[in-house]
Novice: 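Got a structure for you, questions after.
Along the sequence shown, residues carry numbers from 1. Owing to the predicted nature of the structure, the values given are computational and were not obtained by experimental measurement.
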Amino acid sequence: MTLQVNITPNGRMSLPAGVRKRLGLTSGGAVFLEETEDGVVLRTAAQAVARAQALAKQYTGGHPEAGVGGFLARRREDSGE
């Protein structure tokens, strides 16, 4: 879906009510803006977290021991705790 959103002289823009409702932003909230070569991408916090998790899984191969928990467990083992 492509929508035109106007930007006010002071740089503000409004997301249409239907879009806010579908994204769960009915009571306000924050969105993350990413500038890419192709333009601008807006993501909700949940979408940004899901994207970060997917990237982490890509680089760790989905191995649980490659995450923070695994790192901390190895550090505890190394320290003798």
Side-chain angles (χ1 to χ4, degrees):
M1 169 189 329
T2 300
L3 299 171
Q4 179 176 326
V5 177
N6 295 320
I7 300 174
T8 65
N10 66 356
R12 294 177 186 249
M13 62 182 194
S14 296
L15 293 176
V19 173
R20 291 193 315 269
K21 185 175 182 180
R22 284 191 299 280
L23 294 176
L25 299 171
T26 54
S27 62
V31 292
F32 294 84
L33 183 142
E34 178 183 355
E35 186 177 352
T36 69
E37 289 182 15
D38 294 326
V40 175
V41 177
L42 291 177
R43 290 187 178 90
T44 65
Q47 291 167 331
V49 168
R51 183 169 187 272
Q53 289 171 334
L55 286 171
K57 189 174 183 178
Q58 175 185 343
Y59 287 105
T60 62
H63 300 289
E65 67 278 0
V68 173
F71 171 77
L72 293 175
R74 288 190 302 279
R75 294 296 295 159
R76 281 192 291 274
E77 288 173 13
D78 292 346
S79 69
E81 288 184 25

Novice: Starting from the C-alpha separation in whole Å, work towards a yes-or-no answer on side-chain contact (heavy atoms from CB on, under 4.5 Å) for Arg51 and Val41.
Specialist: CA-CA 12 Å; Arg51 183 169 187 272; Val41 177; over 6 Å; no
Novice: Same cluster for Val49 and Tyr59 if Ile/Leu/Val/Met/Phe/Trp/Tyr side chains link at under 4.5 Å?
Specialist: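 Different clusters.
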Novice: With the 4.5 Å side-chain cut-off for hydrophobic clustering, are Leu42 and Leu3 part of the same group?
Specialist: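 Yes; tracing contacts between hydrophobic side chains, which count when under 4.5 Å, links both residues.
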Novice: Give, for atom CG of Leu23 and atom NZ of Lys21, the distance between the pair rounded to the nearest 0.5 Å.
Specialist: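 One finds 12.5 Å between CG of Leu23 and NZ of Lys21.
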Novice: Without hydrogens or angle criteria, can the side chains of Asp38 and Thr36 be said to hold a donor-acceptor pair below 3.5 Å?
Specialist: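 No, no side-chain donor-acceptor pair sits under 3.5 Å.
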Novice: Mind listing the closest non-hydrogen atom pair of Val5 and Ser14 along with its distance?
Specialist: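 Looks like CG1-O, 3.2 Å.
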Novice: Establish whether Phe32 and Leu55 are linked, either directly or via other cluster members, by ILVMFWY side-chain heavy-atom contacts under 4.5 Å.
Specialist: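 No, Phe32 does not connect to Leu55 through the hydrophobic network.
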Novice: State the CZ-CD1 distance between Arg12 and Ile7, to the nearest 0.5 angstrom.
Specialist: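 Arg12 CZ to Ile7 CD1: 13.0 Å, rounded to 0.5 Å.
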Novice: With no hydrogens and no angle check, is any side-chain donor or acceptor of Arg20 less than 3.5 Å from a backbone partner on Leu15?
Specialist: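 It does hold such a pair.
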Novice: Quick check: does any side chain N or O of Arg74 sit under 3.5 Å from a backbone N or O of Gly70, one acting as donor and the other as acceptor?
Specialist: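 Such a contact is found between Arg74 side chain and Gly70 backbone.
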